[in-house]
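To keep things clear, I will list the structure first and then write my remarks on it.
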Amino acid sequence: MGTRNHLWLAAKRTLTWYLVGFTISDRYATLVSVTGDSMHPTFTAASSSLRGDVVLAERSCLEKYQFSRGDVVLFKCPSDHRELFVKRLIALPGEWMQLPGSPDIIKIPEGHCWVEGDNASRSWDSRSFGPIPLGLIKGRVTHVIWPPSKIGRVDTKMPENRISPL
């Protein structure tokens with residue numbers, strides 16, 4: 001009888017911590033392993049999750065879409081909502097911007113933003129799929145938490161050789 005009670009207590013504790021962790025991940029912050037080279041050199045990706053960068057994405061910015069140009073954001077891919085991307089926010093709703101490598105100037109539609117990877121030659125971003133709806137953004141990346149040598153805050157900056165929105 002003692003073993004059954006002990007197992008029941010362990011199961012309740014495990015479930016409680018799972019629910020607490022899920023609530024924190026769903027409402028406040030989440031951890032994401034960076035894959036791909038699109039954000040190099042800001043983030044380093046690798047084939048295994050413990051060799052590449054793991055970042056913390058906070059979600060409080062989603063309540064009123066409080067973003068700034070240069071923020072690194074986590075968002076769902078516009079063409080496959082199962083995939084998560086990490087890119088830098090370049091232009092906000094209603095801003096005019098020159099398309100990279102083109103003389104064309106566009107206005108970012110309301111409710112949308114323009115995102116690009118820091119490594120332009122290896123990034124699939126708004127240059128490919130256009131402005132993304134703000135509703136696809138799932139958080140703002142604020143810190144690198146792995147590996148220990150890179151632990152720290154993620155800078156809000158515009159990529160080098162990128163013209164700010166007009």
Side-chain angles (χ1 to χ4, degrees), residues 24-25 27-80 83-166:
I24 289 170
S25 175
R27 296 196 181 258
Y28 304 107
T30 191
L31 301 178
V32 178
S33 179
V34 177
T35 58
D37 294 324
S38 70
M39 287 299 290
H40 183 77
T42 305
F43 302 124
T44 304
S47 56
S48 88
S49 61
L50 290 181
R51 293 189 182 206
D53 291 353
V54 176
V55 297
L56 175 72
E58 60 95 8
R59 296 180 185 263
S60 64
C61 59
L62 299 175
E63 291 177 21
K64 295 182 181 176
Y65 295 112
Q66 298 168 334
F67 303 107
S68 301
R69 280 188 303 280
D71 282 348
V72 177
V73 295
L74 172 69
F75 64 96
K76 289 190 175 195
C77 174
S79 60
D80 182 358
E83 279 189 75
L84 286 175
F85 285 175
V86 175
K87 307 287 182 200
R88 194 168 299 276
L89 201 149
I90 302 298
L92 298 164
E95 293 182 338
W96 292 89
M97 65 167 282
Q98 183 174 3
L99 293 175
S102 167
D104 296 337
I105 295 175
I106 64 165
K107 183 176 182 181
I108 305 301
E110 288 301 321
H112 290 70
C113 63
W114 189 272
V115 293
E116 293 180 9
D118 288 356
N119 184 358
S121 65
R122 306 279 298 183
S123 183
W124 191 52
D125 51 34
S126 286
R127 291 170 292 182
S128 303
F129 46 72
I132 64 162
L134 291 174
L136 293 181
I137 296 179
K138 297 301 167 196
R140 176 178 32 229
V141 176
T142 59
H143 292 83
V144 175
I145 62 163
W146 184 266
S149 62
K150 289 183 73 178
I151 290 175
R153 188 154 183 75
V154 175
D155 292 331
T156 296
K157 63 179 182 175
M158 290 298 281
E160 292 179 26
N161 75 6
R162 184 68 176 97
I163 300 170
S164 295
L166 307 171

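The analysis underlying the following values was restricted to heavy atoms, covering all of them including side chains, and did not include hydrogens, waters or symmetry mates. Everything quoted here is computed from the prediction, not taken from an experiment.
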Point to revise | Smallest separation among heavy atoms of Gly117 and Asp125, with atom names | key: N-OD2, 2.9 Å

Show me the donor-acceptor pairs, under 3.5 Å and distance only, between side chains in residues 99-111 and residues at least two apart or in other chains.
| from | atom 1 | to | atom 2 | distance (Å) |
| --- | --- | --- | --- | --- |
| Ser102 | OG | Asp104 | N | 3.0 |
| Ser102 | OG | Asp104 | OD2 | 3.3 |

Check your understanding: Do Val154 and Thr142 pass the side-chain contact (heavy atoms from CB on, under 4.5 Å) test, and can you show the C-alpha distance, the side-chain angles, and the key distance before you say yes or no?
Key -> CA-CA 5 Å; Val154 175; Thr142 59; 5.9 Å; no

Point to revise | Note: Arg88-Glu116 ion pair, threshold 4.0 Å (strictly below) | key: no

Check your understanding: Hey, what do you get for CE (Met97) to CG (Leu92), rounding to the nearest 0.5 Å?
Key -> 11.0 Å

Exercise for review: Please indicate whether His40 has more than 12 foreign heavy atoms, meaning atoms of other residues, nucleotides or ligands, lying under 6.0 Å from its NE2.
Suggested key: no

Check your understanding: For Phe43, what residues pass the ring pair (Phe, Tyr, Trp, His ring centres under 6.0 Å) criterion, not counting sequence neighbours?
Key -> none

Practice item. May I ask you to test the His143-Val55 pair for a side-chain heavy-atom distance under 4.5 Å? Key: no

Practice item. Show the numbers, then the answer: is there a side-chain contact (heavy atoms from CB on, under 4.5 Å) between Thr30 and Lys138? Key: CA-CA 9 Å; Thr30 191; Lys138 297 301 167 196; over 6 Å; no

Check your understanding: Taking atom CH2 of Trp146 and atom CD1 of Ile151, what is their separation to the nearest 0.5 Å?
Key -> 8.0 Å

Point to revise | Asp71 bridged to Arg140 by N-O distance under 4.0 Å | key: yes

Check your understanding: Rounded to the nearest 0.5 Å, how far does NE2 of His112 lie from CG of Leu136?
Key -> 8.0 Å

Review point. If you round to the nearest 0.5 Å, how far is NZ of Lys87 from OG1 of Thr42?
Key: 11.5 Å

Exercise for review: Please round to the nearest 0.5 Å and tell me the distance separating atom OG of Ser33 and atom CD1 of Ile145.
Suggested key: 10.0 Å

Check your understanding: If you take all heavy atoms of Trp124 and Phe129, which pair is closest and at what distance?
Key -> O-CE2, 3.7 Å

Review point. So do Pro147 and Asp53 actually touch side chain to side chain, heavy atoms under 4.5 Å?
Key: yes

Check your understanding: What are the two closest non-hydrogen atoms of Ser126 and Pro131, and how far apart are they?
Key -> OG-CA, 4.1 Å

Practice item. Decide yes or no on side-chain contact (heavy atoms from CB on, under 4.5 Å) for Val34 and Val54, but give the supporting numbers first. Key: CA-CA 6 Å; Val34 177; Val54 176; over 6 Å; no

Check your understanding: Rounded to the nearest 0.5 Å, what separation is found between the CG atom of Leu89 and the CD1 atom of Ile137?
Key -> 5.5 Å

